[in-house]
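Contents: one structure, followed by commentary.
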Amino acid sequence: MTSRILLGLTAALTFLLAACGKQADTAKPEGPYPALWEIADGNGATEGWMFGTIHALPDGTRWRSERLDTVVGQADMLVVEVANLENGEALSALFEQMAYDRPAGPIAERIDPELRGEFEELLVKAKVRRGYFDPMESWAAALALAQVAQTAKAENGADRALLAAFDKREVVELEGAQGQLAIFDSLPEDEQRDLLNAVLEESRDYQGEIGTLANAWLEGDTERLTQLTRRGILADPELVQVLLRDRNADWAAQIENLLSARDKPLIAVGAGHLLGDHGLPALLEARGYTVRRIE
């Protein structure tokens, strides 16, 4: 689940990082490139564009294309999940405010006994005491442990690079930090524990899987990404509904409203939200738009 969160289920992991550096504009010398879509109206006129991001990447990752840079130059506004990713201190404070507001109990009692070894390994990596996660709600512990497991950096995320490119233009957020974390905070406890245990289970294979996912994203291989993001916790119907389908339906309505105006947006959200029959391209097509892959 750690890598799937990075691929695009949420930008919440970035809230846990204080770093706020900007990624250098290092374009890939040649393709293939991450997927980019054009959104057109019924007459074929371009109304905007859509780009699937990944929220954290290793140092030195090169992903930008000349076509994407052209779109960045043409777009009137940027539409993202969360706009103020550079304010690490405020985002971390918000996370802490929401993560501790309900008594949680010993985390050892919320973890599958078969995953205690993985938990102990992450404790060592995090350099914290065993009781550090006890006060956290299960969803918050899951995100915190996922951040410990990963080596990719949020300051290298594609969303941050695009926010930097639009620093003088309008930026619209679809959820905002508080709204996004509230989705996790409102999960039933059994689903929160599923999330927590999935993070631990997949932490052992994290390095290999993030490479697979990142490469599929870099190559724009949406078929492969779809296969990779249907594993593990994303096979859980309740979590898929809450973390993907409900959010996509809400975002599609907001995006339709933005597309109806004169300004042309670049919609840059986690790549996981753009895949399959319930992805944003499919939902916008159902609303009468033509969505065409251009990269």
Side-chain angles (χ1 to χ4, degrees), residues 1-13 28 31-39 48-58 61 63 65 67-68 79-81 146 150 152 157-159 162 174-175 180 183-184 191 194-195 198-199 201-203 205-252 255 266-287 289-295:
M1 182 62 181
T2 48
S3 48
R4 309 213 218 302
I5 294 174
L6 292 178
L7 181 66
L9 296 186
T10 179
L13 282 178
K28 291 176 70 177
Y33 302 100
L36 176 68
W37 287 265
E38 178 189 72
I39 307 168
W49 302 268
M50 205 157 23
F51 180 73
T53 65
I54 190 167
H55 298 310
L57 287 165
T61 303
W63 53 270
S65 67
R67 185 70 182 97
L68 176 61
V79 181
V80 293
E81 299 171 41
Q150 61 129 337
D159 42 4
L162 292 173
L174 294 168
E175 281 179 339
Q180 192 168 90
I183 294 169
F184 287 86
E191 296 297 338
D194 284 348
L195 184 68
V199 166
E201 184 176 3
E202 295 190 9
S203 66
D205 300 321
Y206 180 78
Q207 293 300 330
E209 182 152 342
I210 187 59
T212 301
L213 279 161
N215 286 335
W217 176 76
L218 286 166
E219 294 173 1
D221 189 345
T222 55
E223 182 176 345
R224 179 66 172 149
L225 288 177
T226 300
Q227 294 172 353
L228 290 169
T229 54
R230 285 176 176 169
R231 297 177 182 174
I233 200 66
L234 292 183
D236 183 315
E238 289 80 10
L239 282 177
V240 169
Q241 188 66 42
V242 173
L243 297 181
L244 283 177
R245 294 183 180 180
D246 289 349
R247 294 167 73 198
N248 285 355
D250 177 65
W251 294 359
I255 291 167
L266 169 59
I267 298 134
V269 297
H273 293 282
L274 306 182
L275 305 173
D277 294 339
H278 298 275
L280 288 175
L283 295 181
L284 290 178
E285 286 188 333
R287 291 170 178 263
Y289 292 93
T290 298
V291 183
R292 178 177 65 92
R293 175 84 177 268
I294 58 174
E295 190 87 49

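All residue numbers in this chain count up from 1 along the given sequence. Worth knowing before you read on, the calculation uses all heavy atoms, side chains too, and leaves out hydrogens, waters and symmetry mates.
The minimum heavy-atom distance between Arg287 and Ala249, with the atom names listed, is NH2-O, 4.2 Å. The two residues Ala282 and Gly276 come nearest to each other via the heavy atoms CB-O, 3.7 Å.
Residues Thr222 and Leu275 are in side-chain contact: their nearest non-hydrogen atoms beyond the backbone lie under 4.5 Å apart. Trp217 is listed as a side-chain neighbour of Leu57, based on a closest heavy-atom distance under 4.5 Å. By the 4.5 Å heavy-atom criterion applied to side chains, Val240 and Arg245 are counted as neighbours. Put simply, the side chain of Asn215 does not reach to within 4.5 Å of the side chain of Arg224, judged on heavy atoms. Counting heavy atoms from C-beta outward, His278 and Leu244 have side chains that stay 4.5 Å or more apart. In this structure the side chain of Met50 never reaches within 4.5 angstrom of the side chain of Val79, judged on heavy atoms. The shortest distance between side-chain heavy atoms of Phe51 and Val269 does not fall below 4.5 Å. Asp194 places a side-chain heavy atom less than 4.5 Å from the side chain of Glu191.
Taking the six-membered ring where tryptophan is involved, the planes of His273 and Trp251 are tilted, since the angle between them lies from 30° to 60°.
With respect to the salt-bridge test (charged N to carboxylate O, under 4.0 angstrom), the residues Glu81 and Arg247 qualify.
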Legend entry - Audit row: Leu284, Ile255, side chain to side chain contact (heavy atoms under 4.5 Å, CB included) steps and yes/no: CA-CA 8 Å; Leu284 290 178; Ile255 291 167; 4.0 Å; yes
Inset, instruction - Just do the side chain to side chain contact (heavy atoms under 4.5 Å, CB included) check on Arg67 and Ile294 with the steps written out, would you? - result: CA-CA 9 Å; Arg67 185 70 182 97; Ile294 58 174; 3.7 Å; yes
Inset, instruction - With side chain to side chain contact (heavy atoms under 4.5 Å, CB included) as the test, would you mind laying out the steps for Leu280 and Trp37 before giving the verdict? - result: CA-CA 11 Å; Leu280 288 175; Trp37 287 265; over 6 Å; no
Inset, instruction - Take Val80 and Leu174, measure what side chain to side chain contact (heavy atoms under 4.5 Å, CB included) needs, and give me the verdict at the end. - result: CA-CA 6 Å; Val80 293; Leu174 294 168; over 6 Å; no
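Put simply, CG on Leu243 and CG on Asn248 are 10.5 Å apart, with the number rounded to the nearest 0.5 Å. The CZ atom of Arg292 lies 12.0 Å from the CD atom of Glu285; values are rounded to the nearest 0.5 Å.
Residues passing the side chain to side chain contact (heavy atoms under 4.5 Å, CB included) test with Thr290 are Ala40, sequence neighbours excluded.
With Trp63 as the fixed residue, the side chain to side chain contact (heavy atoms under 4.5 Å, CB included) test singles out one of Leu68, Thr53, Ile54: Leu68.
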